[in-house]
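These numbers were taken from a predicted model, which means no experiment stands behind them.
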Amino acid sequence: MNTSEQLRDSQQYFINDLTIVSKGESIDIKEIFVEIDLFDSLFMPVMSGKLLISDATGISSKLLFDGSEVLLIDISKVEGSEIGEFKKAFRIYKQSDRMPASERVENYILNFVSDELLFSDQQRVNQSYRMTYMEMVERIMLDYLKIPPNNLNGLYEESAGVRDVIIPNLRPIEAIQWIAKKAVNMDNSPSYVFYQNLLGYNFITLSKLLSEDIILDINFESKNKEEGANALEEMSTARSFEVVSQTDGIKKARAGVNAGTFIGFDPLTRMISRKALSYLDHFENMKHSNPTPNFSAQVNKDGLLNTEMYDSRIVLDTFTTTRQLSEYVKSHDPESIAYGSRSEDYAFQRKSIFANLDSKKLKVVMPGNFQLTTGFNVNIDAPFFGKKTDAEDPSDPSLSGKYLIIGSRQIIKGSNDGTHETVIEVASTSSDQEFITQSTPDQTAILESY
């Protein structure tokens, strides 16, 4: 029998294994868990979760939960299928919210996380590297974090340029995040992220992620329209959705999304340089999901476009580009030119890139699906709220389009009628709209005369 024949309900699941491994013993908790919540995010380096337990067997007294326990989770959509399966081991780092439910039963939450986070917190990287940033990340993952092979199957993207770097006494995961903020890809996009998802650990640019193919077309049709409705078809139907954020003119201006200035100071040559940057300086060196940028052209009281207001955000940082003009540096320290970090490529642009991504974000509740995890793309056909004729498109072009999953939460509820839901947060730097909006002189005039 294939998976589609066994799938009778889009929210069903099957637990292959749910075990706590402690000092010399393993305890199966399939029958006593109330809810499992699993989290991953583009902005969180490791996966984590919470496990709510209703305990009438005194497990707390037996195990003590001192931070050494291991949680084994193996859940699939249907029994005997590896399609949509989630299988990972976590470290239980804390027991919380412990309280009696009755005379013989107590409820509590077990907080768990990927073991690499706890291992990272116990050591420091204080080492020099001369290699690409991607190679540095690889060395830290293998030498310090000792990530197992089954967690190295994520996505990796080579970074541009060999760099000479001294990691400034950081924890391994902090060191990788520090590197991600400095690295640029071959298109000079400073949008690297480091995160863990269903596949494993990933070190890749937002640009590359946005250009990947979609894994699911999400629609908003009514569910269970007919008796015996196809549960597999329902897997692509959203149960509900929420607009988390849309364009915020103040946030965009202050983050330098539209325009700003980078001021670089070289302490060696004592030279100062100013570089004016506008929207296209961070948008054009990236790939995007949809044809139209999340940009609104606005003309201010001085008759200038928001992309020309270079005082909106100012970033001051050290840089080394001017050393290429110094004969003294060329003869005495040429390596600082060849291997120096180029802060002018990322110090300003990176914040603008992620602020632009944050300007269009949705939260969608889906039937349980472990494949809906951070880093994958979905296409959303958002409904139009309002009256339309039969000839008009029922979709909302301002919300519809291709989105990147930037975070997911798997909610698995126990008991005989248990359910599995997936809540995903999606975002995009672009839209399906046919044009870029622009303010008109009439809007400015009425502000002054009304």
Side-chain angles (χ1 to χ4, degrees), residues 11-75 86-122 171 173 195-198 239-240 242 244 363 365-366 368 370 372-374 406-425:
Q11 291 184 289
Q12 78 180 58
Y13 65 86
F14 181 81
I15 297 182
N16 302 300
D17 190 15
L18 188 61
T19 302
I20 296 175
V21 181
S22 187
K23 309 160 193 67
E25 64 177 314
S26 298
I27 299 177
D28 188 330
I29 58 170
K30 288 198 289 281
E31 302 301 324
I32 63 171
F33 90 95
V34 178
E35 182 174 320
I36 305 172
D37 291 278
L38 294 161
F39 306 96
D40 59 61
S41 170
L42 199 68
F43 309 106
M44 187 170 64
V46 298
M47 296 185 70
S48 64
K50 294 183 177 182
L51 173 62
L52 175 59
I53 285 180
S54 182
D55 180 13
T57 59
I59 293 177
S60 291
S61 302
K62 297 175 184 176
L63 302 188
L64 301 180
F65 293 114
D66 59 2
S68 65
E69 287 79 15
V70 172
L71 177 65
L72 304 179
I73 300 177
D74 184 357
I75 304 176
F86 180 88
K87 184 179 181 180
K88 286 191 184 295
F90 295 93
R91 182 76 69 178
I92 298 172
Y93 68 92
K94 183 176 71 171
Q95 182 185 33
S96 64
D97 301 273
R98 186 177 178 182
M99 59 185 67
S102 67
E103 235 179 80
R104 297 185 179 182
V105 179
E106 67 170 340
N107 294 338
Y108 52 84
I109 292 174
L110 298 180
N111 301 268
F112 57 89
V113 71
S114 295
D115 189 50
E116 286 77 27
L117 179 63
L118 296 175
F119 191 40
S120 175
D121 284 351
Q122 298 169 26
R171 296 182 179 94
I173 286 180
Y195 63 95
Q196 185 187 26
N197 65 359
L198 181 71
R239 309 185 75 80
S240 63
E242 171 190 344
V244 178
K363 184 185 290 183
V365 180
M366 299 291 297
F370 286 117
L372 294 176
T373 184
T374 295
I406 62 170
S408 78
R409 177 186 178 188
Q410 307 288 342
I411 306 172
I412 300 142
K413 295 187 177 180
S415 76
N416 295 330
D417 56 345
T419 58
H420 177 198
E421 279 192 335
T422 300
V423 181
I424 57 174
E425 195 163 78

Check: What heavy-atom pair brings Glu69 and Phe65 nearest, and what distance separates the two atoms?
Finding: OE1-CA, 3.3 Å

Check: Once you round to the nearest 0.5 Å, how far does CG of Leu38 lie from OG1 of Thr373?
Finding: 9.5 Å

Check: At their closest point, which heavy atom of Ile173 faces which heavy atom of Leu117, and how far apart are they?
Finding: CD1-CA, 3.9 Å

Next item on the list: Please say which of Gln11, Gln410, Gln12 ends up in a side-chain hydrogen bond (donor to acceptor under 3.5 Å, both in side chains) with His420.
Entry: Gln410

Note to self: Considering only residues two or more places apart or on different chains, which pairs with a residue in residues 108-117 satisfy salt bridge (charged side-chain N to carboxylate O under 4.0 Å, His left out)?
What the structure shows: Arg91-Asp115

Note to self: With heavy-atom distances below 4.5 Å as the criterion, would you say the side chains of Ile15 and Phe33 are in contact?
What the structure shows: yes

Notebook entry, point to check: Nearest 0.5 Å, what's the CG-CD distance between Leu64 and Gln95?
Noted result: 9.5 Å

Next item on the list: Among Ile75, Leu71, Leu72, find the one that has a side-chain contact (heavy atoms from CB on, under 4.5 Å) with Leu18.
Entry: Leu71

Next item on the list: Could you tell me the separation between the CZ atom of Arg409 and the CG atom of Leu372, rounded to the nearest 0.5 Å?
Entry: 15.5 Å

Check: Would you say the side-chain atoms of Asp74 pair up with the backbone N or O of Asn16, donor to acceptor, closer than 3.5 Å?
Finding: no

Check: Hey, does the side chain of Gln196 reach the backbone of Met47 with a donor-acceptor pair shorter than 3.5 angstrom?
Finding: yes

Notebook entry, point to check: What distance do Glu242 atom CD and Glu425 atom CD have between them, rounded to the nearest 0.5 Å?
Noted result: 8.5 Å

Margin query: Tell me the closest heavy-atom pair linking Ile27 and Ile59, and the distance in Å.
Written below: CG2-CD1, 4.0 Å

Note to self: Within the structure provided, determine whether Ser114 and Phe90 are in side-chain contact (heavy-atom separation under 4.5 Å).
What the structure shows: yes

Check: Looking at Gly414 and Tyr13, what are the two nearest heavy atoms and their distance?
Finding: CA-OH, 3.6 Å

Check: Is there a side-chain contact between Ser26 and Thr19 (heavy atoms, below 4.5 Å)?
Finding: yes

Next item on the list: Using modelled atom types only, decide if a donor and an acceptor are shared between the side chain of Ser22 and the backbone of Leu63 within a distance under 3.5 Å.
Entry: no

Notebook entry, point to check: Which value, rounded to the nearest 0.5 Å, describes the distance between Ile53 atom CD1 and Leu51 atom CG?
Noted result: 4.0 Å

Notebook entry, point to check: Taking everything shown except Glu25 itself, do over 12 heavy atoms lie less than 6.0 Å from its CD?
Noted result: yes

Check: salt bridge (Lys or Arg N to Asp or Glu O under 4.0 Å) between Asp97 and Lys50: does it pass, once the steps are laid out?
Finding: CA-CA 11 Å; Asp97 301 273; Lys50 294 183 177 182; over 6 Å; no

Note to self: For the CG atom of Leu198 and the OG1 atom of Thr374, what is their distance to the nearest 0.5 Å?
What the structure shows: 10.5 Å

Notebook entry, point to check: Any chance the side chains of Thr57 and Asp55 put a donor and an acceptor closer than 3.5 Å?
Noted result: yes

Next item on the list: List the atom of Gly368, the atom of Thr422, and the distance in Å for their closest heavy-atom pair.
Entry: CA-OG1, 3.4 Å

Notebook entry, point to check: Of the non-hydrogen atoms in Val113 and Tyr93, which two are nearest, and what is the gap between them?
Noted result: CG1-CD2, 3.7 Å

